[in-house]
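Here the structure is laid out as structure tokens; the discussion comes afterwards.
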Amino acid sequence: MAEDTKRLKISSMAEPEDIDSDEEPGEVIESAPPLRVGQERVFNSTGLKKKLLRRGAGFQTPEFGDEPTVHYVGSLVDGTTFISTREKGEPFSFKIGQGQICSGFDEAVLTMKKGEIALFTLPPQLGFGVSGTNGVPPNSIIQFEVELLSWITVLDVCKDGGILKRVVKKGEETGQPGDLDEVKVKYVVKLPDGVIVSESPKEGVEFYLKDGHLCSALPKAIKTMTREEKADLIVQPQYAFGEEGVTITSLPNGFSPIPPNSMLHVALELVSFKSVVDITNDSKVIKKIVKEGEGALTPNEGASVLIRYTAKLEDGTVFEKKGFDGDTPLNFITDEEQVIGGLDRGVATMKKGEQAILSINHEYGYGSQEVNSDLAVIPPFSNLVYEVEMIEFEKEKGPWEMDVHERIEAAGRKKEEGNILYKSGKYQRAAKKYDKAVDYVSEEGQFGDYDEKVVKSLRVSCWSNAAACSLKLNDHKNAIILCSKVLDVELYNVKALYRRAQAYMETYDYELAELDIKKALEADPQNREVKSIHKTLKQLQAESNKRDAKLYTNMFARMANDCSIQTKRLKIEKVEKNEKDGVMGMELEKGDNEMAVDSS
């Protein structure tokens with residue numbers, strides 16, 4: 001039925017002027033235009049007709065299980081009123097899906113928005129059918145003028161009826177908490193007879209959702225809520241305290257005994273929550289957001305950031321502070337190893353004005369080193385806590401934000417930075433610098449003739465250097481890809497041929513390695529490095545040939561041995577067969593002699 005409210009079907013009962021569409025009568029309209037005030041339309045194939053009298057607010061409509069509050073007037077088509085809440089002066093609340101008035105009334109309210117007034121015409125099968133009711137003759141077409149005042153959303157949290165949530169007050173539309181988040185809630189827990197069995201402190205209680213609290217129903221329901229939302233829960237025993245209940249001896253403070261198999265009623269409010277993010281996906285750098293930042297932008301690699309922070313050991317000992325009491329905030333460039341890795345990674349996820357607590361494992365801190373910091377000594381293998389505020393940051397310019405000459409200059413700088421990192425053994429970071437340099441000059445045809453030569457040289461140099469990094473990192477496949485890019489541009493680039501040959505040798509592709517070495521020697525016959533690697537290749541090929549020869553020798557020996565065994569087996573089988581045939585022949589000869597004697 002809910003689907004029918006989304007897929008509007010124009011019935012053949014409707015008059016042509018009532019259809020605000022080019023669709024033929026009876027065809028399904030996936031996105032029917034909204035009704036205009038005074039316009040009437042038939043909804044779905046059941047014949048429910050709706051005329052809009054006053055628009056509602058927003059876009060949301062009730063769903064099955066929700067509890068709307070309405071004013072309504074029911075009448076026959078001749079205008080005779082048979083029921084009216086307006087005469088009584090009290091609105092009517094009901095649960096959609098239970099048919100408390102009639103099935104068509106539920107269908108009608110499902111199409112309405114808050115504050116909307118509409119006139120619905122119901123055929124007999126959606127009204128009171130062949131039986132009729134007080135004031136409604138059998139098989140009557142009836143009308144309801146309905147005003148939707150409000151509704152309470154009801155959610156089946158686990159889709160099994162175990163936790164039903166009635167939304168008493170809607171919260172802020174700022175998202176729902178996740179498993180890692182820290183929430184603050186207030187609650188009152190009662191038995192069905194109204195006895196209070198547990199209650200949170202007046203200021204609320206804080207806990208991490210993943211750790212749970214009270215009973216399994218609470219975190220499950222909280223994950224469906226938004227900040228400042230209030231809800232009433234009906235919790236079945238399997239999500240409460242089950243068959244055992246809670247005895248006096250096992251009660252935490254503030255509890256009363258809970259009998260076995262007890263259903264619970266919980267008045268729950270999500271006061272607030274702090275988002276928690278696993279930045280490294282290994283729980284070794286965790287960020288808890290204390291205050292949300294502005295907008296959606298965060299620093300990129302190479303951004304200049306300005307932060308203030310207090311750094312502590314896990315026991316609360318402060319070992320460093322920046323940006324407080326007149327002290328200058330810390331300014332650094334992200335992804336440049338100017339601060340410890342955990343702080344670098346955490347700050348790179350923060351928005352301007354955001355305040356967060358970073359919990360940093362020693363692997364992303366100072367590791368096994370003992371460090372004398374400003375205010376205290378940091379022991380080896382110390383996990384750290386940073387309370388950080390992002391004051392501001394300036395993102396590094398992207399290629400699309402630069403003109404041609406700026407891009408060439410930026411690519412040259414990144415290449416030089418990569419060279420420095422390579423010489424210091426920081427191959428992973430060097431490779432990233434080379435990749436970034438190529439990004440600045442990756443689009444061909446946008447530079448003048450002179451600049452195109454410079455750009456081509458930059459690309460080739462960076463690809464080649466990045467391949468050298470890949471070799472150091474034992475990423476031979478990537479080294480082959482990068483060298484191949486160089487050789488697509490310069491067929492006889494000696495460095496690329498040399499490095500690709502190295503990668504081929506590491507992956508045992510000796511024939512391809514030999515081809516690259518031969519090309520390199522053609523281009524530079526006196527190159528010592530190429531000659532040296534050629535010598536190494538010959539040794540590897542010789543060793544490989546020896547292994548192959550030994551392998552084939554052993555294989556053929558086994559085959560010969562298998563053949564010998566098979567030949568012996570055949571000979572034995574032949575002897576056994578001959579012996580058997582001989583015995584049988586003797587028995588036959590004996591039988592022949594006996595027969596001859598008998599015949600004489």
Side-chain angles (χ1 to χ4, degrees), residues 1-20 25-26 28-29 32 34-35 37-56 61-152 154:
M1 197 180 297
E3 183 65 19
D4 288 340
T5 66
K6 298 175 184 176
R7 293 166 57 89
L8 306 178
K9 188 170 183 180
I10 304 302
S11 168
S12 57
M13 293 174 60
E15 295 298 324
E17 61 269 22
D18 293 334
I19 303 173
D20 189 17
V28 174
I29 301 177
L35 283 172
V37 173
Q39 186 182 11
E40 192 172 46
R41 179 180 295 156
V42 175
F43 279 62
N44 63 55
S45 58
T46 59
L48 174 68
K49 189 183 291 185
K50 175 180 178 180
K51 183 177 183 179
L52 184 64
L53 303 180
R54 186 179 78 189
R55 289 190 182 280
T61 57
E63 297 181 2
F64 275 99
D66 289 353
E67 298 177 5
T69 299
V70 299
H71 265 306
Y72 70 95
V73 176
S75 60
L76 304 177
V77 290
D78 64 3
T80 303
T81 298
F82 60 85
I83 191 169
S84 173
T85 61
R86 296 192 184 278
E87 289 180 1
K88 298 177 183 178
E90 293 183 6
F92 174 68
S93 297
F94 66 102
K95 188 169 184 176
I96 297 177
Q98 294 186 347
Q100 289 174 250
I101 298 177
C102 61
S103 63
F105 193 88
D106 286 6
E107 286 190 41
V109 175
L110 283 170
T111 71
M112 300 183 72
K113 302 178 180 69
K114 185 177 180 180
E116 181 180 316
I117 300 177
L119 178 65
F120 295 93
T121 303
L122 281 60
Q125 68 271 21
L126 294 183
F128 298 103
V130 296
S131 302
T133 191
N134 187 27
V136 180
N139 294 315
S140 292
I141 297 173
I142 57 176
Q143 291 183 323
F144 284 104
E145 182 184 289
V146 183
E147 179 183 2
L148 178 57
L149 302 174
S150 63
W151 72 88
I152 295 173
V154 178

Rounded at 0.5 Å granularity, tell me how far CE in M112 sits from OG1 in T61. 11.0 Å
What pairs of residues pass the side-chain hydrogen bond (donor to acceptor under 3.5 Å, both in side chains) test when at least one of them lies in residues 119-142, not counting sequence neighbours? T121-Q143
Applying salt bridge (charged side-chain N to carboxylate O under 4.0 Å, His left out), can you list everything that pairs with K50, at least two apart in sequence or on another chain? E116
Listing request: all ring-ring contact (aromatic ring centres under 6.0 Å, His included) pairs with a residue in residues 113-132, at least two apart in sequence or in separate chains. none
Checking side-chain contact (heavy atoms from CB on, under 4.5 Å) for the pair K49/E40: CA distance, chi angles, key distance, verdict? CA-CA 7 Å; K49 189 183 291 185; E40 192 172 46; 3.1 Å; yes
Between P123 and G47 the two heavy atoms that sit nearest each other are CD-O, 3.6 Å
Please tell me if the side chains of R55 and V37 come closer than 4.5 Å, counting only heavy atoms from C-beta onward. yes
Can you measure from CG (L119) to CG (L53) and round to the nearest 0.5 angstrom? 6.0 Å
Say you draw a straight line from CG of L52 to CD1 of I117; how long is it, rounded to the nearest 0.5 Å? 9.5 Å
Return the minimal non-hydrogen interatomic distance between L149 and P91, and the atom names on each side. CD1-CB, 3.6 Å
Hey, what do you get for CG (D66) to OG (S150), rounding to the nearest 0.5 Å? 11.0 Å
Under 4.5 Å between any side-chain heavy atoms of W151 and K114, yes or no? yes
Are L122 and I141 side-chain neighbours, meaning at least one heavy-atom pair lies under 4.5 Å? no
Could you state the interatomic distance from CZ (F43) to CG (L126), rounded to the nearest 0.5 Å? 13.0 Å
Heavy-atom check, side chain of L148 versus side chain of P68, under 4.5 Å: yes
Within a strict 4.5 Å, meaning less than it, do heavy atoms of the V154 and F64 side chains meet? no
Would the distance check show the side chain of D106 and the main-chain N or O of I96 forming a donor-acceptor pair, the cut-off being under 3.5 Å? no
Measure across F144 and I142 and return the closest heavy-atom pair with its distance rounded to 0.1 Å. CE1-CD1, 3.5 Å
List the atom of L35, the atom of R41, and the distance in Å for their closest heavy-atom pair. CD2-CB, 3.7 Å
With sequence neighbours excluded, what pairs up with I152 under the side chain to side chain contact (heavy atoms under 4.5 Å, CB included) test? E67, R166
Rounded at 0.5 Å granularity, tell me how far CD in Q98 sits from CD in Q100. 5.0 Å
Return all side-chain donor-acceptor pairs below 3.5 angstrom for residues 69-78, not counting sequence neighbours, or 'none' if the list is empty.
residue: T69; atom: OG1; partner: S93; partner atom: OG; Å: 2.7
residue: H71; atom: ND1; partner: T85; partner atom: OG1; Å: 2.8
residue: D78; atom: OD1; partner: T80; partner atom: N; Å: 2.9
residue: D78; atom: OD1; partner: T80; partner atom: OG1; Å: 2.9
residue: D78; atom: OD2; partner: T80; partner atom: OG1; Å: 3.4

Those residues that, when tested against R86, pass salt bridge (charged side-chain N to carboxylate O under 4.0 Å, His left out) (two or more places apart): E147
